[in-house]
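Contents: one structure, followed by commentary.
Just the heavy atoms: all of them, side chains too, but no hydrogens, waters or symmetry mates, feed the values below.
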Amino acid sequence: MRTVQELLEVQLQQARRNAQVARAALADPALRSGRSKFRKMLNDNVQLENATAAELSKFVNLK
């Protein structure tokens, strides 16, 4: 069973990875038609990344 800290770390890694994918898609000229979708994906994952990092730091500070 994973701890809360481990789950937050996994969620943070996934958000970072997803944001990376969105950035790469936005940089690819062949994917111009889906730019708004990738921009939203990037924004959503950056927000998730920030929120998860904040929660993780609060959790670590409680220990």
Side-chain angles (χ1 to χ4, degrees):
M1 183 117 185
R2 289 185 167 177
T3 65
V4 172
Q5 182 177 349
E6 289 172 329
L7 292 172
L8 287 171
E9 288 170 353
V10 167
Q11 182 172 329
L12 183 58
Q13 289 170 350
Q14 288 173 333
R16 286 181 177 157
R17 208 169 18 250
N18 289 344
Q20 246 180 342
V21 167
R23 281 187 190 96
L26 285 169
D28 188 341
L31 298 174
R32 286 197 189 275
S33 63
R35 287 185 76 78
S36 61
K37 178 178 75 173
F38 291 118
R39 198 171 296 119
K40 181 178 178 352
M41 179 181 164
L42 176 59
N43 290 338
D44 290 349
N45 279 284
V46 168
Q47 287 179 356
L48 178 60
E49 187 178 335
N50 292 338
T52 304
E55 284 299 312
L56 188 56
S57 69
K58 280 193 258 180
F59 182 77
V60 170
N61 289 334
L62 290 176
K63 285 187 164 187

**Prompt:** What pair of heavy atoms forms the shortest contact from Thr52 to Leu8, and how long is it?
**Reply:**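 It is CG2-O, 3.2 Å.
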**Request:** Work out which heavy atom in Arg32 is nearest to a heavy atom in Arg35; give both atom names and the distance.
**Result:**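 Result for this residue pair: O-CG, 3.1 Å.
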**Asked** With hydrophobic residues grouped by side-chain heavy-atom distances under 4.5 Å, do Val10 and Val4 end up in a single group?
**Response**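 Per the 4.5 Å side-chain linkage, Val10 and Val4 are not co-clustered.
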**Prompt:** Can you name the side chain to side chain donor-acceptor pair (under 3.5 Å) partners of Arg16, sequence neighbours left out?
**Reply:**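 Arg16 satisfies side chain to side chain donor-acceptor pair (under 3.5 Å) with Glu49 only.
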**Asked** Does one side chain, of Gln13 or Glu9, offer a donor that lies under 3.5 Å from an acceptor on the other?
**Response**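 On atom types as modelled, these side chains do not qualify, holding no pair under 3.5 Å.
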**Interatomic distance, Asn45 atom CG to Gln14 atom CD [nearest 0.5 angstrom]** =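 With rounding to 0.5 Å, CG (Asn45) is 9.5 Å from CD (Gln14).
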**Asked** Nearest 0.5 Å, what's the CZ-CG distance between Arg17 and Leu12?
**Response**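 Answer for the CZ-CG pair, Arg17 versus Leu12, is 10.5 Å.
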**Request:** Output the rest of the hydrophobic cluster of Leu42: all Ile, Leu, Val, Met, Phe, Trp and Tyr residues reachable through side-chain heavy-atom contacts under 4.5 Å, sorted by chain and number.
**Result:**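 Besides Leu42, the hydrophobic cluster comprises Val21, Leu26, Leu31, Phe38, Met41, Val46, listed by chain and residue number.
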